[in-house]
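Report on the structure given below.
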Amino acid sequence: MSIRVGFASRSSRIGMAASAVALVVLAAAPFWGGRDDLQLLSQIYTYVALASLWNLLAGYAGLVSVGQQAYVGLGAYLLFGFAILGGVPPLWSIPLAGVIAALTAIPVAALVFRLRGHYFAIGTWIIAEVFRLIASQVSVLGGGSGTSLPAHIVLAIASTRQLRDFLVYWIALALVVVILALIVLLLRSRYGLALKAIRDSELAAACNGIDVQRTKVLVYIFTAFGTAMVGALIFFQRLRVSPDSAFSVNDWTAFVIFITVIGGIGRIEGPIIGTVVFFALRQTLADLGTIYLLMLGAVAIVVMLAAPKGIWGLIVERFGWQIFPLERTVVRDTGSAGAAKRA
Amino acid sequence: MNSPILALDKVSKHFGAIVIADGIDLALSEGEALGIIGPNGAGKTTLFGIVSGTVAPDSGRVLYAGRDITHISPAQRCTIGIGRSFQVPLPFAGMSVFENLVVAAAFGGRRREREVYQGCMDILDRCGLGEKANRRAGSLTLIDRKRLELARALATDPRVLLLDEVAGGLTERECHVLIGLIADIRRSGVSIIWIEHVVHALLASVDRLLVLHNGAFIAAGDPHTVIKSPAVMEIYMGIETDV
C-alpha cells in the first residue's frame, strides 16, 4: 500500500486563500488609505516581522533573547552609515544590513551560547547595551544624540513625498511577506522538523539524532539577518536615528515579547494575531497614558492565566487549524490497495 | 564470543551523596536481548542516560562496537545506532505522530526526508499507531504515547535499542502483541536492553536478566533462574513479581 504525504489541510487552504486576498487588499492600500493609514499599516508590518522572528528564536529554538534590539539598532545604523558615509541607496542598504548583521551574529553567538536559560536572556541584553554604547561613540553618525538622513538622500528615493510614502509602504509590505515566506519555507524544510522537535522536547530531539546546538546557532544567525533588515526599514521610515531609539529594549523586545506571548508562542500564526491585538489596544487606549501600559500588563496576565499558549494556541488545541501549510499529512492510497486485494 | 556491540567499563555516577552507578560493568553481545529489573531508584534509567549520552558518568567508559563513545553527544550516539525510548514519554507534542517518526528516521537514521515516509508508516502500523498517524502527538493517551516512544526509537534504525518500561499499563492482549513485536525486532538483528517492571514480558523476551540495586548488579544470568534467586526475592519482598 503506497502513501502520499502533503502539507495542505482544509484550514490551510482557506488560510492561504484568505492571505492572498488580504495581500492584494493591503498592496492596494495607497489607493484606498490615507497617509496615516499607510504609516500605521507599515508599523504593523514591522511588528509582525519582528515578532515572527523573535517567535522563531524563542518559540521554536527555545532561545529567549531580550536583546534583539541589538540587531534592530545595528540594521538602523548600518543603513544610515552606508547612506551618509558611502552614498549607498537606502533600498540596497536593507539587504546589505541583513547580511552584515548575520555575519556579526556569528561571533556574538560564540559568546552568548556559552550561557543558558536566564543567563542567555541577560547576556543578550548586555550585548545589546554594548552595541548601543558603541553606536553612541560614532561621532560621524551624531554620537549620543543621533542623526537624520540627509535631504539629498531622501529626495533621491522618489521625486514627490507621496511617491516616497507609497514606496516605503510597499517595501514594508514586501519585507514582511518575504520574512514570513522564509519562515514558512524554513519550517517546512528539514531544519523546520528539527526546530519543531526542539520546541517540543530538547532532550528527545537530541536523542533522535538532532544536533540541537548547531540548529539553534543557525536560527540565531537567521534571526539576526531578518531583524536587522526590519530595523533598517523602521529607521528608514523615521528618517532619523539615535542610540536610545534604535537600541530600545522596550520598543523592539518588550512589546515584541508581549505580542508573541499573547498571540501564541511557538506557532507561526501567533505573532500575527498578537500584533493585531496589540495595535487594537494601542489605537484605542494609548491616549490614557500610563494606564495604557498597566492595561497591557493586565491583558498579558489574563492571557497567560486563561490561555498559556496564547490566543492561537487555544485555537489550535480546540480546532487544530493551521493558516500556513506546515504540518505533514499522510494519506494512504486506498484505491491501489483495494485493487491489489481484488487482484 | 564476539566482542560486544555495547559495553560499560567501570561506570560510576553519583548525585550528591546518592550513588546511582557504582563501578558498573556490562557487555551486550550483538543480537542479544538483555533485561534489567530493580526497585525504583536503583539507577536503571540513569544507566540508559549514560549509554545514550544525556548523563555524563563521573568515571568509566562507554564502548560501542569497540569504539569509546563516552564523550560524544546524544545526537551522534543516535546516528551511529543507539536508539532510546523514554520511561516518561517525551513526544514532540505539537507535531503529528507521523512527523514524530519522520524526525527520528531523517535525523537519527541520517536519511533524506522523502526516503523515510514509507518506512515510518510501516513502523506505525507495526506499533498499532497506523490509524493515528495524523493525530497531534500531544493528544495521545498515555498508552499510545508509550507506543510512540517505541515506534520513534525504532525509526532511528538502531543497532542497539534501549527500551525503558514500554510494557507498563498495557492489557494482557496488548502485552502479548508487544512481545511479538520485540521478537520481530530481534529477528532483524537489533540488540536490546530492556528495563521493565512487567517481569513476565521480560521472561518471554530476553536471553539474560540483570538485577540492579543501589547502583550495582547483584544478580545476573538466565532469566528464570535469576528471578527465583534469593537476592531478588529479598529485594522484591512484598512486591508482586508477576511470575
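For the numbers below, each heavy atom of this structure counts, side chains included, while hydrogens, waters and symmetry mates do not. Protein chains get the first letters and strands the later ones, always in sequence-line order, with residue 1 at the start of each.
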**Message:** Could you check whether atom NZ of A:Lys216 has more than 12 heavy atoms from other residues, nucleotides or ligands sitting under 6.0 Å from it?
**Reply:** yes

**Item:** Row check, A:Phe7 ring normal vs A:Arg188 NZ/CZ: under 6.0 Å, within 45°
**Value:** yes

**Request:** Considering only heavy atoms and a distance below 4.5 Å, find which of A:Gln213, A:Arg199, A:Glu317 pairs most often with chain B.
**Result:** A:Arg199

**Request:** Please say whether the positively charged group of B:Arg136, taken as NZ for Lys or CZ for Arg, lies over the ring of B:Phe92, i.e. under 6.0 angstrom from the six-membered ring centre and within 45 degrees of the axis.
**Result:** no

**Complete:** Per-residue tally against chain B (heavy atom, under 4.5 Å) across A:Val330, A:Leu203, A:Val212, A:Leu193 peaks at A:Val330

**Asked** Looking at B:Arg84, B:Met121, B:Arg77, which one has more heavy-atom pairs under 4.5 Å with chain A than the rest?
**Response** B:Met121

**Prompt:** Taking the six-membered ring of B:Phe107, is the NZ or CZ of A:Arg190 close enough (under 6.0 Å from the centre) and on axis enough (within 45°)?
**Reply:** yes

**Request:** Kindly determine whether B:Ser59 and B:Ser12 satisfy side-chain contact (heavy atoms from CB on, under 4.5 Å), including the steps that lead there.
**Result:** CA-CA 5 Å; B:Ser59 61; B:Ser12 291; 3.5 Å; yes

**Request:** Against chain A, label B:Thr54 side chain, backbone, both or neither, depending on which of its atoms sit under 4.5 Å from a heavy atom there.
**Result:** side chain

**Fill in**
If one checks every heavy atom of A:Ile198 against chain B at 4.5 Å, the contacting part turns out to be neither

**Asked** Side chain, backbone, both or neither: which part of B:Phe98 has an atom under 4.5 Å from a heavy atom of chain A?
**Response** side chain

